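Presented below is the structure to which this report refers.
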Amino acid sequence: MAKLRPLPYPYDALGPAIDARTVKVHHDKHQAGYVKGYNKTLKRIEASQRHRVETSGPKLIPEMLKARYQNLTFNAAGIVLHEMYWENLTSPGQGGEPTGRLLSQIEQDFGTSPVFLHEMIDVGSAIHGSGWVVLAWVPRFERLTILAVGQHQNGWIPGAVPLLVIDVWEHAYYLQYESSRLDYLKAIWGVMNWHAVNERFAHASSARSGG
Ligand code: MN3
């Protein structure tokens with residue numbers, strides 16, 4: 001069973017870019033909802049498995065079983081992404097900058113750091129409905145790319161390692177920014193935790209030499 005991981009800082013730590021009310025509702029209601037959804041769905045899947053063990057027949061029609069697993073994927077991806085999202089953010093002035101190998105890789109794959117920033121903002125603003133804009137390292141191609149993720153689980157490259165994730169679901173910004181997702185996408189860079197992103201890239205890019 002999954003547990004709701006506590007925030008790594010107080011609710012008001014990300015203000016004014018993301019206010020305390022938004023952080024509280026996002027973590028305590030929405031993220032908690034994915035944890036509840038995951039646990040509930042996992043219980044149902046386990047019940048179906050037990051049923052097969054005990055009766056050697058299926059409890060659910062295939063369509064329903066597929067829906068259960070898809071629901072598990074949705075909630076699992078939601079949990080992981082929210083934990084990364086909070087880790088990716090920190091109080092204003094605390095986050096540092098992209099440095100070292102991450103900075104060189106950004107320059108190699110995007111041209112310059114400002115170009116990268118604009119591309120993230122543009123892609124994030126263009127996502128229809130609910131999703132995430134993600135900077136990911138793709139070991140197979142030894143390249144950074146931007147993923148436009150639908151909901152939590154759609155649009156990933158197998159093996160890609162997310163380095164920086166930005167939630168663009170309305171619940172991430174609507175209380176504070178109402179319909180202006182673009183203003184949220186511009187403001188969030190003021191609380192970006194580049195120390196965490198640098199570290200994640202160092203870890204992800206060194207793993208490739210092992211394989
Ligand atoms: Mn969210």
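Remember, predicted model here, so these are calculated numbers, not experimental data. Both ligands and their constituent atoms are indexed starting at 1 by order of listing.
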Checklist line | Within-4.5 Å side-chain heavy-atom neighbours: W132 and I166 | finding: no
Check: Taking the N/O/S atoms of H171 one by one, which is nearest to the Mn ion (ligand 1)?
Finding: NE2
Next item on the list: Using a 4.5 Å cut-off on heavy atoms from C-beta on, say whether the side chain of Y34 contacts that of H152.
Entry: yes
Notebook entry, point to check: Any ion pair linking K43 and E46 (charged N to carboxylate O, less than 4.0 Å)?
Noted result: no
Note to self: Between H30 and the Mn ion (ligand 1), is there a contact where an N/O/S atom of the residue lies under 2.8 Å from the metal?
What the structure shows: no
Notebook entry, point to check: What N/O/S atom of D167 gets nearest to the Mn ion (ligand 1)?
Noted result: OD2
Check: Do H171 and V25 come close enough that some side-chain heavy atom pair is under 4.5 Å?
Finding: no
